[in-house]
Amino acid sequence: MIHRIVIELIIVIVLSDLYIDMHYFHKHYHIKRWQRVLWWAPCVMMIVYTCALASIENFAPADLTWLNLYMLLLGLFVGPKAIFTVFSSVGWVLRKTIIPTHRNYGHYLGLLAGLIAVGAYIYGLTIGVGQIRVSHIDISFPDLPPQFDGYRIVHVSDIHLGTFNGWRKKILVDEMDSIRAQRADIICFTGDLQNMRPQEVAVMVPVLTTAMDGRRIPVLSVLGNHDYAEYVKHTPLIEENMRRELIAIESNRLHWRVLNNAHLAVRRPQPFEGALAEHSGAVASVRQPADSIVFVGTENDGRPPFPQRADWPKAFRGISGNAFVIVLQHDPSAWERAILPKTNAQLTLSGHTHGGQCQILGHRPTQLTQHEDCGLYHRGDRYLYVNAGLGGLVPFRLNMPNEITVITLHSTAKISRSNTTPQSSTTRSPQYK
């Protein structure tokens with residue numbers, strides 16, 4: 001994680017301290033040498049800390065305490081100094097070139113902004129990280145089987161269980177309580193159950209099963225980029241074994257249906273009746289019953305450097321063109337790259353972005369790289385919902401609470417007198433083009 005931006009971090013750490021030293025201690029206060037050594041000592045320690053974390057082969061240390069401590073130091077010391085440096089330097093330039101004044105008001109704005117940043121960071125680490133939002137979304141479809149009018153899907157994503165250690169375990173308990181209170185017809189989980197290792201999931205099974213036990217309510221799941229064990233440097237064989245171990249925990253201990261490039265037809269009034277297309281993608285019949293909807297789950301389909309393992313033809317094999325299809329795909333970037341142009345799927349559920357875990361005046365950092373980064377999007381009658389997740393590798397949330405989404409489906413079709421099929425039906429092109 002740190003190795004990806006180690007150069008940028010070192011530049012920020014050094015430049016802010018260098019600016020303050022040159023503009024204040026060197027010009028105005030003339031501090032003694034030992035005082036200057038004290039000033040630079042934390043900077044040197046942060047550089048060493050940064051290099052140490054960057055040298056780790058894995059994405060993050062096995063004990064996340066070291067990463068969390070580093071992020072705390074960045075937020076409380078490096079960040080505020082960098083903010084002050086930006087405001088002060090801009091004020092200095094303006095004072096010298098455009099607005100001649102006796103004072104550099106950038107100093108005062110920088111101090112204020114730095115203090116606000118510290119307060120916001122502490123809030124995000126302590127209070128914001130535990131906030132939970134239940135979003136209620138109603139979507140109407142002309143081709144939804146009328147039997148599914150009012151069907152409630154609870155969509156959750158990105159739990160990152162390895163983060164919920166210590167006092168943060170209570171946050172996970174509260175999230176499960178909130179999920180259980182929604183009275184879902186089905187729960188859809190769109191990936192990133194772990195941070196790096198399946199052992200993180202194993203120890204949290206008792207907590208997860210209080211609300212997401214597949215024996216009590218249908219739970220469908222797909223894998224996210226963190227679920228492939230690629231963030232731990234091992235041989236390909238060990239990584240594959242770790243992936244299989246995670247799938248085994250989800251299937252055998254949580255009793256979830258893991259859809260790895262597969263699909264499941266769900267009927268009413270027997271919600272979990274249907275045929276699951278396993279890895280071969282084979283289905284007994286080509287046409288789904290008129291009183292069913294089809295959930296399609298694919299492996300992660302991300303842009304580099306994220307895994308690209310989705311097999312869309314296999315996942316959609318055997319699904320008729322007139323079926324109502326809901327896709328579970330961890331990465332929302334796949335919606336425009338693959339789902340819209342290659343399938344007829346009416347609704348897609350995704351996660352991955354966490355909504356940037358931070359939102360200021362409606363702006364999120366994830367908007368810089370992904371247009372569909374949080375919330376509901378549509379192209380005509382086709383919809384995408386991007387869930388903000390229930391956790392994150394870094395335990396921080398600012399104005400972007402952990403999210404549980406309750407999607408209620410509505411049908412604009414009418415039911416015939418037999419109450420089994422719509423009054424009119426249309427033939428559509430094959431689901432996968």
Side-chain angles (χ1 to χ4, degrees), residues 60-65 67-68 71-72 123-135 153-184 186-217 219-227 231 245-256 258 330 349 351-358 387-406:
D63 185 353
L64 289 180
T65 301
L67 179 61
N68 292 336
M71 300 302 295
L72 180 66
Y123 174 87
L125 287 173
T126 55
I127 299 176
V129 72
Q131 292 184 325
I132 303 169
R133 176 180 67 203
V134 179
S135 302
I153 301 171
V154 167
H155 175 206
V156 293
S157 191
D158 297 87
I159 299 182
H160 290 270
L161 286 169
T163 304
F164 291 99
N165 50 11
W167 67 272
R168 282 186 292 270
K169 184 177 180 180
K170 182 182 182 303
I171 299 173
L172 182 63
V173 172
D174 292 342
E175 290 173 344
M176 293 301 109
D177 290 343
S178 297
I179 292 173
R180 189 169 57 250
Q182 304 313 312
R183 300 179 180 272
I186 196 168
I187 297 175
C188 294
F189 177 73
T190 50
D192 277 6
L193 187 59
Q194 65 184 26
N195 281 332
M196 295 186 293
R197 299 170 178 83
Q199 291 83 359
E200 304 165 13
V201 181
V203 298
M204 291 296 183
V205 165
V207 180
L208 289 176
T209 51
T210 61
M212 300 176 67
D213 189 335
R215 293 170 296 184
R216 294 197 295 263
I217 183 171
V219 181
L220 305 182
S221 171
V222 293
L223 300 181
N225 54 292
H226 278 266
D227 296 325
Y231 295 100
E245 182 181 352
L246 174 64
I247 293 175
I249 294 173
E250 292 189 22
S251 300
N252 301 328
R253 298 184 61 184
L254 295 173
H255 305 281
W256 296 359
V258 183
H330 178 67
L349 306 179
H352 182 57
T353 65
H354 306 184
Q357 296 184 215
C358 175
N387 183 278
L390 290 176
L393 181 68
V394 178
F396 173 86
R397 293 262 175 173
L398 180 62
N399 196 28
M400 182 53 64
N402 303 295
E403 184 180 28
I404 298 164
T405 309
V406 182

### Task
Specify whether Phe189 and Trp256 have parallel, tilted or perpendicular ring planes, treating 30° as the upper limit for parallel and 60° as the lower limit for perpendicular.
tilted

### For Arg180, all residues meeting salt bridge (Lys or Arg N to Asp or Glu O under 4.0 Å), sequence neighbours excluded
Asp177

### Task
Any chance you could lay out the side-chain contact (heavy atoms from CB on, under 4.5 Å) test for Gln199 and Glu245, step after step, and finish with the verdict?
CA-CA 9 Å; Gln199 291 83 359; Glu245 182 181 352; 4.2 Å; yes

### Task
Could you check if a side-chain atom of Glu250 sits within less than 4.5 angstrom of a side-chain atom of Leu208, using non-hydrogen atoms only?
no

### Task
Please confirm whether the backbone N or O of Thr209 pairs with a side-chain atom of Arg253, one donor and one acceptor, at under 3.5 Å?
no

### Query
With sequence neighbours excluded, what pairs up with His352 under the side-chain hydrogen bond (donor to acceptor under 3.5 Å, both in side chains) test?
Asn225, His330

### Task
Name all pairs fulfilling the salt bridge (charged side-chain N to carboxylate O under 4.0 Å, His left out) condition that reach into residues 153-172, sequence neighbours left out, sorted by first residue then second.
Lys170-Asp174

### Query
Hey, does the side chain of Asn399 reach the backbone of Cys358 with a donor-acceptor pair shorter than 3.5 angstrom?
no

### Query
Do you know the tightest heavy-atom contact between Ser157 and Gly351?
OG-CA, 3.5 Å

### Message
Would the distance check show the side chain of Thr163 and the main-chain N or O of Gly392 forming a donor-acceptor pair, the cut-off being under 3.5 Å?
### Response
yes

### Query
Given side chains that start at C-beta, do those of Arg397 and His354 come closer than 4.5 Å, heavy atoms only?
yes

### Message
Could you check whether Asn195 and His226, counting side-chain N and O atoms only, form a donor-acceptor pair closer than 3.5 Å?
### Response
no

### Query
Does any N or O in the side chain of Gln182 come within less than 3.5 Å of the main-chain N or O of Ile179, such that one atom is a donor and the other an acceptor?
no

